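Letters go in sequence order (proteins before strands), and every chain restarts at 1. Computed from a prediction, not measured in an experiment: that's the story for all the values here.
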Number of protein chains: 2
Amino acid sequence: MRTLDHPSRDEMRLDTVLAALADPVRRTVACKLNDAFGDHACATFELPVSKSTATYHFRTLREAGVIRQEYEGTKIMNTLRKDDLDARFPGLLDAVFAAQDIERAEATAPESRD
Amino acid sequence: MRTLDHPSRDEMRLDTVLAALADPVRRTVACKLNDAFGDHACATFELPVSKSTATYHFRTLREAGVIRQEYEGTKIMNTLRKDDLDARFPGLLDAVFAAQDIERAEATAPESRD
DNA sequence: TTGGTAGTACGAAATTCATCGTAGTAAAGT
DNA sequence: ACTTTACTACGATGAATTTCGTACTACCAA
């Protein structure tokens, strides 16, 4: 059975977590995992990048400690490490997701009157 | 009188703010401005980089909207745009500063028993 | 007006990051 | 046993980031 390395809680670094969440593609992945229930294979995300680039972004998120990746047959199931992140850096993830929601709302909103 | 451009609240982008705060040098600057009262000239920060690199980091922070820079004679006074950031992305700055404190405490702590 | 102070602008180099295509692999299905 | 699925590893490439030194500028002080 194939397994993947994950940082423990206290191995998580703020630098790495912030850098991971600074990228829009990766933040999209994290947000979707937060919104949805359960876990999700990489292929279900419909990212605007090639498959190999997607692999790179998932690995970056995993190595930062943002997501957990576990093989399930030929698929990899991804889950948000919300509990671990919340324990390590309280409030950070929620603040980022809230900020993301704010920007997303602006993008779809009628852009004020004009 | 020289002036510098700053993004308005609604021009602030999450991408840019997170990228600005992901860098350790820049996060140090932001944290120091948060801890200290009043404003501070660039030269007072004692950063581990050259003067021109420091200029680059201050500009990056300003263009992200994290700090405000205003000329005062030949000096530039820097202030944290806490109110603006809090209005734009509530809780984000505080979570980052709290996380930074946690890591800083670990670095100086006796690294548990061994 | 001459000098010092506190910064910038510019160009260059080194590094890191994001991207891709191709080729490969482990597990599952048939 | 063969094929398909879902992904990875590797190498390459171009873009962005971080770094620096040198030269410059605006302002202040003597």
Compare all side-chain heavy atoms of A:Phe97 with those of A:Leu21 and state whether any distance is below 4.5 angstrom.
-> no

Using a cut-off of 6.0 Å, state whether more than 12 heavy atoms not belonging to A:Glu11 lie near its atom CD.
-> yes

Ion pair check, B:Arg9 and A:Glu106, cut-off under 4.0 Å = no

Can you check the B:Phe58 CZ to C:dG7 C1' distance for me, whole Å?
-> 11 Å

Any chance NZ of A:Lys32 has more than 12 other-residue heavy atoms, nucleotides or ligands included, within less than 6.0 Å?
-> yes

In whole angstrom, give the distance that lies between atom CG of A:Leu18 and atom P of C:dC17.
-> 14 Å

To the nearest 0.5 Å, tell me how far B:Gln100 CD sits from A:Asp15 CG.
-> 8.0 Å

Other residues, nucleotides, ligands: >12 heavy atoms within 6.0 Å of A:Lys82 NZ = yes

Specify the separation, in whole Å, of atom CD of B:Glu70 and atom C1' of C:dG7.
-> 16 Å

Going by the side chain to side chain contact (heavy atoms under 4.5 Å, CB included) test, name the single residue among B:Ile76, B:Thr79, B:Leu61 that passes it with B:Gln69.
-> B:Ile76

Could you please spell out the steps behind the side-chain contact (heavy atoms from CB on, under 4.5 Å) verdict for A:Leu4 and A:His6?
-> CA-CA 7 Å; A:Leu4 294 159; A:His6 295 79; 4.1 Å; yes

Reading nucleotides 23-28 of chain C 5' to 3', which nucleotides get B (base under 4.0 Å from a protein heavy atom), which S (sugar-phosphate only), which -?
-> ---SBS

Measure from CG on A:Leu61 to C1' on C:dA18 and round the result to the nearest Å.
-> 14 Å

Round to a whole Å and report the spacing from CE of B:Met77 to P of C:dT5.
-> 16 Å

Describe the nucleic acid contact of A:Ala41 in one word from base, sugar-phosphate, nothing, applying a heavy-atom distance below 4.0 Å.
-> sugar-phosphate

Protein-nucleotide distance (A:Tyr71, atom OH; D:dT5, atom P), rounded to Å = 18 Å

Listed pairs, N/O of protein and of nucleotides 17-19 of chain D, under 3.5 Å:
{"from": "D:dT18", "atom 1": "OP1", "to": "B:Arg26", "atom 2": "NH2", "distance (Å)": "3.4"}
{"from": "D:dT18", "atom 1": "OP2", "to": "B:Arg26", "atom 2": "NH1", "distance (Å)": "3.1"}
{"from": "D:dT18", "atom 1": "OP2", "to": "B:Arg26", "atom 2": "NH2", "distance (Å)": "3.4"}
{"from": "D:dT18", "atom 1": "OP2", "to": "B:Tyr56", "atom 2": "OH", "distance (Å)": "2.6"}
{"from": "D:dT19", "atom 1": "OP2", "to": "B:His57", "atom 2": "NE2", "distance (Å)": "2.3"}

Please report, rounded to the nearest Å, how far the C1' atom of C:dG7 is from the CZ atom of B:Arg62.
-> 12 Å

Length of the NZ-P vector between A:Lys75 and D:dT4, whole Å | 16 Å

Think B:Arg59 has a side-chain N or O under 4.0 angstrom from the OP1 or OP2 of C:dG7?
-> no

Does A:Asp5 CG have over 12 foreign heavy atoms under 6.0 Å away?
-> no

